[in-house]
Amino acid sequence: MRPASIEEASALIANAASEGRRIRIGEDLATDGLARVLEHEAGDLTCTVEAGIRLSALREALAAKGQRLSLDPPGDPTVGACLARRLSGPLSHRYGTPRDLVLGVTLVLGDGTVASSGGKVVKNVAGYDLGKLLCGSEGRLGLIARVSLRLHPLPAASATLVVESGGTAEVVRALRRSQLQPSALDVLHPGRVAVLFEGRAAAVESQVESAQALVGGIVEDGAAWKEARARQGASLGRVRFAPGDLANLLSTLGEAIVRPSAGVAYVPHRVGGVPSASTRRLERALRTQFDPAGVLA
C-alpha cells in the first residue's frame, strides 16, 4: 500500500482495522507517496513536510533559501523514519535529536483517526506532546504523516579538527569545559576525536585556533564525518552512558563511534537489555490509547 495523501492513509488503516488485519508501517504501508514540502516559512526558520520525504530532497529544497534541517544520520532516511527510529548523526552534539527539532506532528492512529499536536495543529491530542512521544516509537503508535520542523541557517564556513590521542576522554573533557561551541564532537574510538566548527569564516578560524591551542590536532577535509556516519550505520548496538563516565566506557570497548554530549556509543556488536517493568507498563498503556485493536505491528 502506497498512499498519496493523509486521507488515503487514513482510509487504508481504517479498512485494515475493520477487517482485523495488522499493518507494519514501512513494509505493508509505504510512505514514499507522501513526500512533499508543504510549507517553508523561511523568515520563521520552520517548514512543514510530509513524512515520506527523504532528507536529501529536503536538504536540496531548503538550501535554495540558505537553510537546513540540522539532522545528519547515516544514509538517506525519510523524515518520518528519523522520528520513528530516533535517528540522528554528529550534528546532534549542538542541535539535538529529532525530538528537539520537531515542532508539531500529524499522525494516523490505528483506527484511521487523524490527530495532530504542536505547530500547525488540526486536531490536538490532549495531554500528549506527540513529537516527543513518537520519537523512537518505530511505527507502533501510529503512521507519522506530516511533520513541522525547526530549521537553522546554512553556515557560511566550516572546519573539521581531528585530534589523535591515546587519551581521547581527556581531550573531550578539555573541549567540553572550554568556551568553544562546536557543532559536532565525536570520538572515533580508538584514538581520535573529531570536532566540527561552523559559522562565519572569521569565527570558525578563531575557534579552530583556540581548539588547537587547547588540545592540538590538525584541520582535515571532513572525511572523519563520513567515516563516523558509515560506522554508525553499520553498528549493531547502542550503549548508553553518563557523559562523565566516558573514560570508563572507552576502556571497555574495542571500537565505537561515541557521542559524549548525548551519552551514546554505537558499537559493532549487539547489546542485550530488557526494558524495565515500568517501561513495559507505559508502552502497554500507550498502545492501548493509540492502537487499542493492535492494528499496527
Side-chain angles (χ1 to χ4, degrees), residues 24-27 54-55 71-100 134-141 160-173 175-176 182-196 215 217 220 222-280 282-283 297:
R24 188 176 297 277
I25 294 171
E27 296 180 13
R54 298 278 171 183
L55 289 184
L71 192 62
D72 59 339
D76 188 21
T78 65
V79 167
C82 289
L83 187 56
R85 295 167 55 197
R86 198 172 55 198
L87 301 177
S88 62
L91 289 176
S92 62
H93 173 81
R94 182 170 185 175
Y95 299 103
T97 64
R99 63 179 287 145
D100 301 299
L134 292 171
C135 190
S137 64
E138 298 182 345
R140 292 172 293 190
L141 298 180
T160 295
L161 182 69
V162 177
V163 183
E164 294 192 11
S165 172
T168 51
E170 289 73 22
V171 171
V172 170
R173 185 181 301 110
L175 290 168
R176 296 192 68 203
S183 292
L185 194 167
D186 276 7
V187 178
L188 286 74
H189 183 64
R192 285 177 294 157
V193 177
V195 194
L196 175 66
V215 296
E220 296 191 357
W225 305 117
K226 294 180 182 179
E227 178 186 343
R229 280 189 285 271
R231 288 173 60 182
Q232 176 187 345
S235 67
L236 298 178
R238 183 163 52 182
V239 178
R240 294 283 181 183
F241 66 97
D245 289 336
L246 177 61
N248 290 334
L249 172 79
L250 295 179
S251 70
T252 69
L253 299 176
E255 62 176 270
I257 295 298
V258 185
R259 306 241 153 87
S261 62
V264 61
Y266 298 92
V267 296
H269 55 270
R270 298 191 184 280
V271 178
V274 178
S276 67
S278 60
T279 298
R280 292 196 298 271
L282 177 59
E283 289 177 348

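Sorted by first then second residue, the salt bridge (Lys or Arg N to Asp or Glu O under 4.0 Å) pairs that include residues 222-244, not counting sequence neighbours, are Asp72-Arg229, Arg192-Glu227, Glu227-Arg231. Sequence neighbours left out, not one pair with a member in residues 262-278 passes salt bridge (Lys or Arg N to Asp or Glu O under 4.0 Å). Residues in residues 72-92 take part in no ring-ring contact (aromatic ring centres under 6.0 Å, His included) pair, two or more places apart or across chains. Among residues at least two apart or in separate chains, there is no salt bridge (Lys or Arg N to Asp or Glu O under 4.0 Å) pair with a member in residues 76-87. Pairs of residues two or more places apart, or lying in two chains, that qualify as salt bridge (Lys or Arg N to Asp or Glu O under 4.0 Å) and include a residue from residues 245-264 are Asp186-Arg259.
Evaluation of the side-chain contact (heavy atoms from CB on, under 4.5 Å) rule for Ser261 yields His93, Arg176 as partners, not counting sequence neighbours. Checked against side chain to side chain donor-acceptor pair (under 3.5 Å), Ser235 has no partners two or more places apart in sequence or in another chain. Residues satisfying the side chain to side chain donor-acceptor pair (under 3.5 Å) test with Ser278, not counting sequence neighbours, are Ser276. Judged as a side chain to side chain donor-acceptor pair (under 3.5 Å), and not counting sequence neighbours, Glu283 has no contacts. For Phe241, there are no ring-ring contact (aromatic ring centres under 6.0 Å, His included) partners at least two apart in sequence or on another chain. The side-chain contact (heavy atoms from CB on, under 4.5 Å) search around Ala297 returns Arg22, Arg24, not counting sequence neighbours. For Arg140, there are no side chain to side chain donor-acceptor pair (under 3.5 Å) partners, not counting sequence neighbours.
No option in Leu246, Thr168, Val193, Leu250 other than Leu246 meets the side-chain contact (heavy atoms from CB on, under 4.5 Å) test with Pro260.
In this structure, Val172 and Pro243 have side chains that are not in contact, with every pair of non-hydrogen atoms separated by 4.5 Å or more. Side chains of Ile257 and Leu188 form a contact here, defined as non-hydrogen atoms less than 4.5 Å apart. Taking 4.5 Å as the limit, every side-chain heavy atom of Leu196 sits out of range of all side-chain heavy atoms of Pro182.
Val215 and Val163 make their closest contact through O-CG1, 3.5 Å (heavy atoms, listed as atom of the first residue, atom of the second, distance). Across Pro268 and Leu236, no two heavy atoms sit closer than the pair O-CD1, 3.4 Å. Of all the heavy atoms in Gly139 and Ile25, the pair that sits closest is O-CD1, 3.7 Å. For Ser88 against Pro74, the heavy-atom pair with the smallest separation is O-CD, 4.0 Å.
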### Query
Passes side-chain contact (heavy atoms from CB on, under 4.5 Å), Val271 versus His269? Steps please.
CA-CA 6 Å; Val271 178; His269 55 270; 4.3 Å; yes
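Note that CG of Leu185 and CZ of Arg94 are 12.5 Å apart. Values are rounded to the nearest 0.5 Å.
No donor-acceptor pair under 3.5 Å is formed between the side chain of His189 and the backbone N or O of Val258.
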